[in-house]
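Working notes, beginning with the structure itself.
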2 protein chains.
Amino acid sequence: MSLDTATMDERVPRDFETLRTTILERRESLPKRIAQIAAHALDNPDDIAFGTAASIAASAGVQPSTLIRFAQQLGFDGFTSLQQVFRERLRERNSSYDERLQALRAKAEGGAGHRAIFDGFVAAASTSLNDISRTLDEAHLEDAISLLAKAETIYVLAKRRSYPVASYIAYALGKLKIRNQLIESAAGLNAEMIGFATPADAVIAISFSPYAPATIEEARSISEQGVPIVAITDSSFSPLAQFAKVWFEVAEADFAGFRSLSATMALAMALTVGVGEKRRDTGRKRKA
Amino acid sequence: MSLDTATMDERVPRDFETLRTTILERRESLPKRIAQIAAHALDNPDDIAFGTAASIAASAGVQPSTLIRFAQQLGFDGFTSLQQVFRERLRERNSSYDERLQALRAKAEGGAGHRAIFDGFVAAASTSLNDISRTLDEAHLEDAISLLAKAETIYVLAKRRSYPVASYIAYALGKLKIRNQLIESAAGLNAEMIGFATPADAVIAISFSPYAPATIEEARSISEQGVPIVAITDSSFSPLAQFAKVWFEVAEADFAGFRSLSATMALAMALTVGVGEKRRDTGRKRKA
DNA sequence: TATGGATTGGAATTATTATTTCATATTCCC
DNA sequence: GGGAATATGAAATAATAATTCCAATCCATA
């Protein structure tokens with residue numbers, strides 16, 4: 001009877017992406033109601049993962065039995081095993097970014113392809129983003145934005161690994177027509193540039209362990225001139241923290257010896273755009 | 001009997017974070033077995049979300065009834081409603097980054113606090129990372145890494161918005177002792193620098209719409225010298241694509257007018273570290 | 001338009017799973 | 001150390017959910 005329905009030769013999709021592809025391939029050849037639930041499944045994968053056969057069937061507008069036929073047509077032996085795939089998807093994507101990162105690190109160590117390296121950096125970035133959105137102190141954010149919004153010129157201070165963030169901040173401030181000055185290491189004029197800063201200005205300083213000595217030195221000297229500093233750094237022991245009016249602790253995950261910048265970037269952009277908004281609101285605009 | 005157990009005055013935790021806090025607060029005062037399952041729940045939230053009362057109890061080393069008592073002690077009326085919280089957590093975190101981004105955009109438009117802006121950038125970064133890890137072409141990655149690994153000097157070419165990525169690549173290449181040359185816009189010597197490149201070298205070029213004319217011009221001129229180009233850009237219509245031996249399409253989500261860089265960064269780092277590995281493997285090393 | 005095969009709906013059945021109950025053990029306080 | 005209160009284990013029970021079955025319907029083809 002049902003022994004010889006097309007379930008022998010075809011592989012049962014074990015992961016969501018394969019399943020998705022399989023469904024899309026067969027889309028045309030599926031009976032109406034089965035197609036209906038197939039579409040619903042791809043559109044609402046979470047519902048499949050958590051719902052019961054009855055509830056899913058109802059929200060897709062079919063009978064529970066149809067749902068089971070759908071699963072069987074794909075080679076599963078019932079709804080439950082189809083559901084496993086949808087659950088696995090949530091498991092993988094979600095919670096275990098940390099563990100996943102661990103696994104990927106091991107994998108990459110073991111010399112497994114370049115895809116693993118890429119996945120590692122993606123996982124590191126995601127982990128960092130998750131972390132920061134959990135730990136960011138909202139009050140600090142408000143304080144920092146107020147402080148920066150009052151500044152005549154915003155100085156942006158960062159070297160080496162943090163420099164890309166600084167350059168993005170400078171780019172964004174420029175686009176928002178907010179006067180700013182990037183203090184690079186390239187030209188040897190840092191000391192002079194810093195000398196121009198006054199207490200009416202402000203600084204965004206970014207540095208992570210091992211802290212670039214130049215950054216620390218410049219931060220010290222500028223804070224001694226009474227210029228308020230907003231710092232982004234990685235621990236309360238950071239030398240930057242002691243010079244700063246407001247500081248953020250950002251823990252970036254690393255992979256293959258390079259730390260992610262994603263969390264720092266997100267915070268940097270929030271500060272920048274936040275300052276832009278604040279200035280627009282208070283109607284206090286300056287020339288770029 | 002059980003009507004007046006402490007379930008009236010205390011709020012039932014509706015979201016995972018509240019639940020977590022509640023559990024941690026009471027940790028000390030919980031009976032042994034209940035504490036055991038409480039710890040297990042916080043350590044393996046996914047198991048709670050997907051398992052059955054029996055399976056969870058088994059893997060925590062307690063009886064199913066204990067699990068239910070645990071739920072009731074927290075104010076839930078049974079295991080099922082406790083489980084809902086764990087499922088909701090997966091739902092929220094996962095699928096809906098896109099929708100969440102939409103919501104946040106609307107919220108930020110409406111002038112809702114700076115936290116919303118920050119969340120928006122985090123969501124944009126996450127969305128971009130999800131996208132790229134789905135769409136990245138593994139073969140392209142291999143090709144690009146092989147190509148770059150053979151180069152004597154790697155030139156890194158990017159302006160404006162893409163410049164932070166370029167500067168991070170240059171930093172990382174430097175740390176890996178791979179000879180490289182960053183082509184900035186600052187110094188006006190780009191034409192001369194480019195003139196030094198030979199077909200034995202290679203270029204990483206990064207540009208997104210609206211493409212910086214200088215980047216395109218420089219890419220054209222360098223490709224005419226026979227130097228192979230690896231491009232990171234945002235569509236197959238990108239002018240960069242036509243000059244490139246290998247090119248990657250990276251779609252970054254944007255928020256408040258600024259696109260995320262997280263996906264581009266992850267790809268850039270994978271390329272960089274990939275090249276480092278490849279050189280180490282082939283034993284073909286060069287001086288920095 | 002009749003006929004066979006595939007598809008579907010809906011209820012009956014079976015399986016699984018949560019919950020309750022009760023006997024036993026442990027803990028805490030006097 | 002005795003006794004009450006609390007906690008725990010194990011199995012019985014109730015609830016819920018998946019699956020199957022069969023009759024009705026639809027659809028293509030002769």
Side-chain angles (χ1 to χ4, degrees), chain A residues 1-7 10 12 23 26-41 44 46-88, chain B residues 1-7 10 12 23 26-41 44 46-88:
Chain A
M1 323 257 118
S2 62
L3 298 174
D4 51 354
T5 46
T7 51
E10 56 198 348
V12 180
I23 292 175
R26 303 208 201 154
R27 192 214 290 266
E28 297 305 323
S29 68
L30 291 173
K32 198 171 77 168
R33 291 271 117 113
I34 308 268
Q36 187 173 331
I37 198 142
H40 181 85
N44 309 66
D46 290 8
D47 288 355
I48 311 289
F50 291 124
T52 68
S55 72
I56 296 164
S59 86
V62 301
Q63 289 291 325
S65 42
T66 307
L67 176 49
I68 286 160
R69 286 178 197 125
F70 168 60
Q72 288 169 341
Q73 201 146 117
L74 289 167
F76 298 96
D77 54 72
F79 164 69
T80 310
S81 29
L82 169 70
Q83 191 177 43
Q84 283 314 110
V85 175
F86 284 79
R87 292 188 164 182
E88 208 45 53
Chain B
M1 323 257 117
S2 62
L3 296 174
D4 51 355
T5 45
T7 52
E10 55 198 350
V12 180
I23 292 175
R26 301 208 201 153
R27 193 213 288 267
E28 296 306 323
S29 69
L30 290 174
K32 197 171 76 169
R33 292 269 117 113
I34 307 268
Q36 187 174 331
I37 200 142
H40 181 84
N44 310 65
D46 290 8
D47 289 355
I48 311 291
F50 291 124
T52 68
S55 72
I56 295 164
S59 86
V62 301
Q63 291 289 326
S65 44
T66 307
L67 177 49
I68 286 161
R69 287 178 195 124
F70 167 60
Q72 288 170 341
Q73 200 146 115
L74 288 166
F76 297 97
D77 53 73
F79 164 69
T80 310
S81 30
L82 168 70
Q83 191 177 42
Q84 284 314 111
V85 174
F86 284 79
R87 294 189 162 182
E88 208 45 54

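Per chain, numbering begins at 1; letters A, B, ... match sequence-line order. Nothing here was measured: the structure is a model prediction, and the numbers come from that model.
Residue B/L67 is classed as having no contact, given no heavy-atom separation below 4.0 Å to the nucleic acid.
In this structure, A/Q36 atom CD and C/dT7 atom P are separated by 15 Å, rounded to whole Å. The CD-P distance, from A/Q72 to C/dT7, rounds to 13 Å in whole Å. A/I34 places its CD1 atom 8 Å from the P atom of C/dT7, with the value rounded to the nearest Å. Between the CD atom of B/Q63 and the P atom of C/dT21 there is a distance of 17 Å, rounded to whole Å. Following rounding to the nearest Å, B/I37 (CD1) and D/dG9 (P) show an atom-to-atom distance of 11 Å. If you measure from atom CZ of B/F79 to atom C1' of C/dT16, you get 14 Å, rounded to the nearest angstrom. Atom-to-atom, CZ of B/F50 to P of C/dT17 comes out at 15 Å; the value is rounded to the nearest Å. The CD1 atom of B/I68 sits 17 Å away from the P atom of D/dA7 (whole-angstrom rounding).
Evaluation of atom-type donor-acceptor distances gives a pair under 3.5 Å for the side chain of A/S65 against the base of C/dG10.
Nearest heavy-atom pair, B/A60 versus B/Q36, reported as atom, atom and distance to 0.1 Å: O-NE2, 2.9 Å. In terms of heavy-atom proximity, A/A53 sits nearest to A/F79 at N-CE2, 3.7 Å. Here the closest heavy-atom approach between residue B/A71 and residue B/G78 is recorded as CB-O, 3.5 Å.
When atom types are taken as modelled, the side chain of A/Q83 and the backbone of A/G51 share a donor-acceptor pair closer than 3.5 angstrom. A donor-acceptor pair is defined here as one N or O able to donate and one able to accept, closer than 3.5 Å; no such pair exists between the side chain of A/R33 and the backbone of A/T66.
Place B/S55 and B/K32 on DNA chain C by their nearest nucleotides, and B/S55 ends up nearer the 5' end.
For D/dT16, neither phosphate oxygen OP1 nor OP2 lies less than 4.0 angstrom from any side-chain nitrogen or oxygen of B/T80. Here B/R69 does not reach the OP1 or OP2 of D/dT8: none of its side-chain N or O atoms lies under 4.0 Å away. A sub-4.0 Å separation between OP1 or OP2 of C/dG9 and a side-chain N or O of A/T66 is present.
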